[in-house]
Amino acid sequence: SCREALALALDLHGARHPATLDARRQLAALHVDQGRFAEAEAEFRDALVWTVARLGPRHADVARIHNSLGIVAWERGDHEAALASLARTVDIWRATSPNAMLADGLFNHGMVLHALGRDGEARPLLRESLALRRARFGPQHGLVGDTLRMLGEVEAALEPGTGTRNLEA
């Protein structure tokens with residue numbers, strides 16, 4: 001279990017070893033899946049402090065934690081914190097991981113903007129995510145389909161009755 005892995009990592013390596021931090025991130029992800037957002041956020045924040053101190057504020061691993069914090073904030077209903085974390089994620093990944101990770105960050109940011117009714121802001125993020133995912137995975141991949149579905153929802157919200165006509169733009 002994640003708790004056993006964390007206990008073992010703590011015993012073997014101490015609180016600040018990369019293996020321990022990875023076990024904490026896995027436990028935090030499990031907390032998210034279980035709807036235990038306060039516990040997940042605490043684990044992610046602890047990992048963020050250590051990761052920033054070790055790798056600097058603009059490292060891809062730091063962005064990964066910001067992405068997780070953005071999703072947790074969204075699930076808790078803290079929309080502004082979610083948007084701030086996800087924007088930070090995209091900014092860092094744009095500079096450090098211009099392919100798959102960036103595509104995921106763009107998708108998550110666009111998804112939250114769409115859910116908030118900010119479809120004009122969501123559309124360019126989702127279009128960029130779609131282009132990156134198509135280039136990396138090909139047109140038949142599930143992540144491409146997920147992005148097309150979300151982009152279709154955005155297009156329908158912006159231009160009711162258009163269906164999927166504008167998805168290729």
Side-chain angles (χ1 to χ4, degrees), residues 1-2 5 18 21-37 39-41 43-44 47-48 51 58-79 81-169:
S1 80
C2 285
L21 290 173
D22 190 53
R24 284 186 184 274
R25 281 193 297 266
Q26 293 299 322
L27 182 59
L30 184 60
H31 289 323
V32 170
D33 290 344
Q34 295 172 339
R36 297 162 55 184
F37 302 120
E39 293 172 71
E41 182 177 12
E43 293 289 351
F44 286 131
L48 180 65
T51 306
R58 298 201 44 84
H59 191 276
D61 288 349
V62 170
R64 190 173 95 186
I65 298 168
H66 283 302
N67 186 64
S68 297
L69 284 167
I71 298 302
V72 168
W74 170 248
E75 293 288 351
R76 283 190 352 258
D78 187 348
H79 304 151
L83 290 172
S85 288
L86 294 170
R88 203 170 300 122
T89 298
V90 168
D91 180 55
I92 295 169
W93 278 344
R94 196 175 290 288
T96 62
S97 306
N99 292 314
M101 293 169 77
L102 176 59
D104 294 344
L106 290 163
F107 179 86
N108 289 342
H109 196 183
M111 174 186 68
V112 170
L113 286 166
H114 168 59
L116 293 174
R118 294 167 60 176
D119 295 298
E121 295 169 73
R123 180 167 41 192
L125 299 176
L126 292 169
R127 284 183 174 171
E128 186 178 356
S129 177
L130 178 62
L132 290 169
R133 286 176 167 179
R134 278 184 172 155
R136 179 153 192 225
F137 300 116
Q140 301 301 315
H141 195 275
L143 290 173
V144 171
D146 289 345
T147 311
L148 283 168
R149 178 193 51 79
M150 184 64 61
L151 191 53
E153 290 178 17
V154 166
E155 294 293 345
L158 288 170
E159 301 175 41
T162 61
T164 58
R165 186 174 71 222
N166 296 325
L167 292 182
E168 300 302 318

Requested in this report: Indicate the atoms forming the closest heavy-atom contact of M150 with F107, along with that distance.
Outcome: CB-CE1, 3.8 Å

Query raised in the report: Which pair of non-hydrogen atoms, one from V144 and one from G138, has the smallest distance, and what is that distance?
Result: CG2-O, 3.3 Å

Query - Polar side chain donor-acceptor pair, H31 to E43, under 3.5 angstrom - result: no

Report task. Find the distance between OG1 (T89) and CG (N108) and round it off to the nearest 0.5 Å. Result -> 8.0 Å

Query raised in the report: Within a radius of less than 6.0 Å around CD of Q34, do more than 12 heavy atoms belonging to other residues, nucleotides or ligands occur?
Result: yes

Report summary line: Result for side chain to side chain contact (heavy atoms under 4.5 Å, CB included) between L113 and one of L86, L83, D119 points to L83

Query raised in the report: Roughly how far, to the nearest 0.5 Å, is the CZ atom of R94 from the CG atom of L106?
Result: 5.5 Å

Query - T147 side, atom OG1; R133 side, atom CZ - distance, nearest 0.5 Å - result: 3.5 Å

Query raised in the report: Roughly how far apart are L151 CG and H114 NE2, rounded to 0.5 Å?
Result: 10.0 Å

Query - For A73 against A82, the heavy-atom pair lying closest together - result: CB-N, 3.6 Å

Query raised in the report: Atom CG in L116, atom CE in M111: separation rounded to 0.5 Å?
Result: 10.0 Å

Requested in this report: Give a yes-or-no answer on whether the side chains of N67 and D104 include a donor-acceptor pair shorter than 3.5 Å.
Outcome: no

Query raised in the report: Can you find a pair of side-chain heavy atoms, one from D91 and one from R58, that are under 4.5 Å apart?
Result: yes

Report summary line: Taken to the nearest 0.5 Å, the spacing of W74 CH2 from F37 CZ works out to 12.0 Å

Report summary line: Closest heavy-atom pair, S97 versus A60, reported as atoms and distance to 0.1 Å, is OG-CB, 3.5 Å

Query raised in the report: Would you call L48 and H66 a side-chain contact if the rule is heavy atoms closer than 4.5 Å?
Result: yes

Report summary line: Tightest non-hydrogen contact, residues A40 and V72, listed as CB-CG2, 4.2 Å

Report task. List the steps and the verdict of side-chain contact (heavy atoms from CB on, under 4.5 Å) for R88 and V62. Result -> CA-CA 10 Å; R88 203 170 300 122; V62 170; over 6 Å; no

Report summary line: Residues L158 and G120: closest non-hydrogen pair is CD2-N, 3.8 Å

Requested in this report: Just jot down the salt bridge (charged side-chain N to carboxylate O under 4.0 Å, His left out) partners of E41, sequence neighbours excluded, or say none.
Outcome: R45, R76

